[in-house]
Participant: 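Okay, handing you the structure first.
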Amino acid sequence: MPSIALSLINVTKRYGATAILDGLSFGLFQGEKVGLIGRNGAGKSTLFRLLSGDEAPDAGSVVVTQGLRIARLSQEPHFAPGASIRQALEAALADHAAFLARHGEIHDRLHHAGAGADARLFDELQTIEHHLDHWGWDLTPRLKAAATTWGLVDLEAEVESLSGGWRKRVALAQAWLKEPDVLVLDEPTNHLDPEQVERLEAWLQAFEGALLLITHDRHLLDAVATRMLELEEGTLRSYEGGYSDYLLEKSDREFREARLTEHMQNRLRREMAWLRRGAKARTRKSKLRIEEVLELKGSVEDRTRLEARQELAFAKGGNRSDALIRAEGIRFAYPGGDELLGHLDLSLQRGMRIALLGPNGCGKSTLLKVLLGELEPSGGAVIRHPKLAVTAISQGRGELDGARSILDNLADRAAIVDTGNGTILAHVYLTRFGFPVVEQSRPASTLSGGERNRLLLAKAMLSPADLLVLDEPTNDLDIPTLQNLEEALLGFGGTLVLVSHDRFFLDQVATHTLAWNEGGTPRWELYEGPPSTVRSLRKARAAAQAPAKADPTPGAIRLEAAKPKKAGLSQKEQRRLAEVEQGLAAFQDRLATLDAVLADPAAFLRPDSAGHQALKDRDAAQAELELLELEWLELEEKRAGG
């Protein structure tokens, strides 16, 4: 069995009266790759700070096996003030440099000591030379290899002057240089472009040490993790396998727990009916039963709150036009900069969900600004529908007023907001996005990155839009919020243009991909399909165009409306749909009848009472109903042409 690389033993960590981690224990084994997930605020970053030694637990202990090299990467890495990239990389090899220096010192001492040299010096020298034989005697090749691996060109640039993506590359190069036995990474994909994320993924897949990976990047988790940990309410739950395995096992567990909750609710209904009939708590048995009912009521309420899912939706605008924005041969370059668009032709049509795919600095945000009219193109024209309603969230999150409260940023002092499906109190609406009422008076300037993002999404969902433009909406969001956002975007009936580094998210949402092509004219190519299909589609397109004559208007992007599939059902399927609908109605009636039996407290008084059999019959009827509902959904989708 592999040995433990690091472990937490009964660790408790409090901030004030709140226990973020409560008696938490786990072990990370050598060679194991563990993904850690949890909602924002669950304690993932607290756990990272404990493992990094930046904070100490209030109780329990954090143990790293002696002699193992450990490398840690925080969400926002910090470097020595004024340090260049070269100096930052050299700092990662400080231990190695110390060995080289010590090797020279020992040689000098042995040279002067002659035959009277201490035998311990020879032993130490042998140990150091063994280390240097493995790591290399010259630091320069290793520094060059790190710079090449992580795309670091100008090693004399000051690290703190770089963008978040470049600073993250430097920090990854530092971790890579250390050749650690244990690697702890907190959101390593933040700010990285797709090419660098793929490089990170390849490194972690080949890494042979122990890995603890804290990330919301579900694609990376699925590609790398061999075990998943979910941090919730201060405790950990373990799942074997990657993210997909976690989803399957968790959904199975939640299904079983939902059935248990349904059973508890039925039992509570019967017990409350018994109490309402005026049961007298004169005997000890009656008193105990009333206490049990009250305890059960609290348990059901807690579970119901835990399992509640708030449905979120973007409000669709009233524009019925198929063509919302048309770009004709547009070009753009900042003064003294490179051409970013390169005679781009593009038509944004109703119902399209377009993902922009390209490295940092290729002009994704610039393209969005040109399409929306915030920047004038250097050439070409952008034609927008005169009644186009646009809702946009920029990467800089400048749409919030930091001096105003969370509530005022949302509703501008209005007490009620219109969600498109009816009105709701503004402070109640905000609770759906994780803002408790007691915190809604906080200034927006105090919000974290994830909180700012959630508030902007809450505002965006209140504005009817024909076109949604979202620039990095997934930054700093936890997985449950990402899943809710995915569902909301999939249900949005308008057009979406989306920039995100979250590959899993883009593949779930996008119907088309506008991909950067550095050597092409134009610089952007449109593909029908999510980003994961671009590589194969680009190869197929190149193969198809190779023998063909040159297009008189090279590089123009045209999107023909997809031919709708032939909708409708066969006569046999129409008859079956009618039968299924009749069956659904019959089962609903059957369940209502059984629920009436189960609601009667007398139904469980004796072993042969009707309630026991009714409970079994209801489970069987519910299972058959679910099968019929699935068949009905498939037939309805086919009838609608989906």
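Basis for what follows: all heavy atoms, side chains included, without hydrogens, waters or symmetry-related copies. Since the structure is predicted, the reported quantities are computational estimates derived from the model, not experimental observations. Residues take their numbers from the sequence shown, with the count starting at 1.
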Participant: Between Ile85 and Asp154, does the side-chain contact (heavy atoms from CB on, under 4.5 Å) criterion hold? Intermediate values first, please.
Facilitator: CA-CA 8 Å; Ile85 294 178; Asp154 182 6; 5.6 Å; no

Participant: Of the non-hydrogen atoms in Glu451 and Phe435, which two are nearest, and what is the gap between them?
Facilitator: O-CZ, 3.3 Å

Participant: Quick check for you: to the nearest 0.5 Å, what is the distance between Thr446 atom OG1 and Arg452 atom CZ?
Facilitator: 9.5 Å

Participant: For a quick test of reading the model, state the closest non-hydrogen atom pair linking Gly165 to Asn360 and the distance between them.
Facilitator: CA-ND2, 4.4 Å

Participant: Establish, for the pair Arg167 and Phe79, whether the NZ or CZ atom is under 6.0 angstrom from the six-membered ring centre and no further than 45 degrees off its axis.
Facilitator: no

Participant: Apply ring-ring contact (aromatic ring centres under 6.0 Å, His included) to Phe433 and list each qualifying residue two or more places apart in sequence or on a separate chain.
Facilitator: Tyr429

Participant: Could Glu195 and Arg199 be called an ion pair, given the rule that one side-chain N must be under 4.0 Å from one carboxylate O?
Facilitator: yes

Participant: Side chain to side chain donor-acceptor pair (under 3.5 Å) between Asp58 and Thr12: does it pass, once the steps are laid out?
Facilitator: CA-CA 6 Å; Asp58 296 326; Thr12 295; over 6 Å; no

Participant: Does Ile214 reach the side chain of Phe48, with side-chain heavy atoms less than 4.5 Å apart?
Facilitator: yes

Participant: Quick one: CH2 on Trp150 to CG on Leu89, what's the gap to the nearest 0.5 Å?
Facilitator: 12.0 Å

Participant: Within this structure, what is the CG-CZ distance for the pair Leu155 and Arg86, rounded to the nearest 0.5 Å?
Facilitator: 5.0 Å

Participant: So with a 6.0 Å cut-off around CG of Asp54, is the heavy-atom count from everything else above 12?
Facilitator: yes

Participant: Looking only at non-hydrogen atoms, find the nearest pair between Trp516 and Leu340 and report the distance.
Facilitator: CZ3-O, 3.5 Å

Participant: Looking only at heavy atoms, what is the nearest atom pair of Lys168 and Asn190, with distance?
Facilitator: NZ-O, 3.4 Å

Participant: Less than 4.0 angstrom from a charged side-chain N to a carboxylate O is my criterion; do Arg142 and Glu179 meet it?
Facilitator: yes

Participant: Within this structure, what is the CD1-CZ distance for the pair Ile70 and Arg72, rounded to the nearest 0.5 Å?
Facilitator: 3.5 Å

Participant: Starting at OG of Ser45, measure out to CD of Glu76 and round the result to the nearest 0.5 Å.
Facilitator: 10.5 Å

Participant: State whether Arg169 and Asp193 are salt-bridged, where the test is any N-O pair (Lys NZ or Arg NE/NH1/NH2 against Asp/Glu carboxylate O) under 4.0 Å.
Facilitator: yes

Participant: Quick one, Arg39 with Glu230, criterion salt bridge (Lys or Arg N to Asp or Glu O under 4.0 Å). Give me CA distance, side-chain angles, the key distance, then yes/no.
Facilitator: CA-CA 9 Å; Arg39 292 182 179 273; Glu230 185 175 30; over 6 Å; no

Participant: Taking C-beta and beyond as the side chain, do His501 and Gln196 meet within less than 4.5 Å on heavy atoms?
Facilitator: no

Participant: Taking C-beta and beyond as the side chain, do Glu487 and Gln508 meet within less than 4.5 Å on heavy atoms?
Facilitator: no

Participant: Is there a side-chain contact (heavy atoms from CB on, under 4.5 Å) between Thr215 and Leu185? Walk through the geometry before answering.
Facilitator: CA-CA 8 Å; Thr215 184; Leu185 306 179; over 6 Å; no

Participant: Does atom CZ of Arg535 have more than 12 heavy-atom neighbours, drawn from other residues, nucleotides or ligands, at distances under 6.0 Å?
Facilitator: no

Participant: Leu211 and side-chain contact (heavy atoms from CB on, under 4.5 Å): which partner among Val224, Val34, Leu28?
Facilitator: Val224

Participant: Does the side-chain contact (heavy atoms from CB on, under 4.5 Å) test come out yes or no for Leu8 and Leu47, once each step is laid out?
Facilitator: CA-CA 9 Å; Leu8 271 68; Leu47 180 59; 3.0 Å; yes

Participant: My understanding is that only residues two or more places apart in sequence, or in another chain, count here; which of them pass ring-ring contact (aromatic ring centres under 6.0 Å, His included) with Tyr239?
Facilitator: Tyr246

Participant: Show your working on side-chain contact (heavy atoms from CB on, under 4.5 Å) between Arg442 and Leu447 and close with a plain yes or no.
Facilitator: CA-CA 8 Å; Arg442 284 170 51 197; Leu447 297 177; 3.6 Å; yes

Participant: Is it the case that Lys13 places NZ or CZ above or below the six-membered ring of Tyr15, under 6.0 angstrom from the centre and within 45 degrees of the axis?
Facilitator: yes

Participant: Kindly give the heavy-atom pair with the smallest separation between Val170 and Ala88, and that separation in Å.
Facilitator: CG1-CB, 3.9 Å

Participant: Ignoring hydrogens, what is the shortest heavy-atom contact between Gly38 and Asp478? Give both atom names and the distance.
Facilitator: O-CB, 3.7 Å

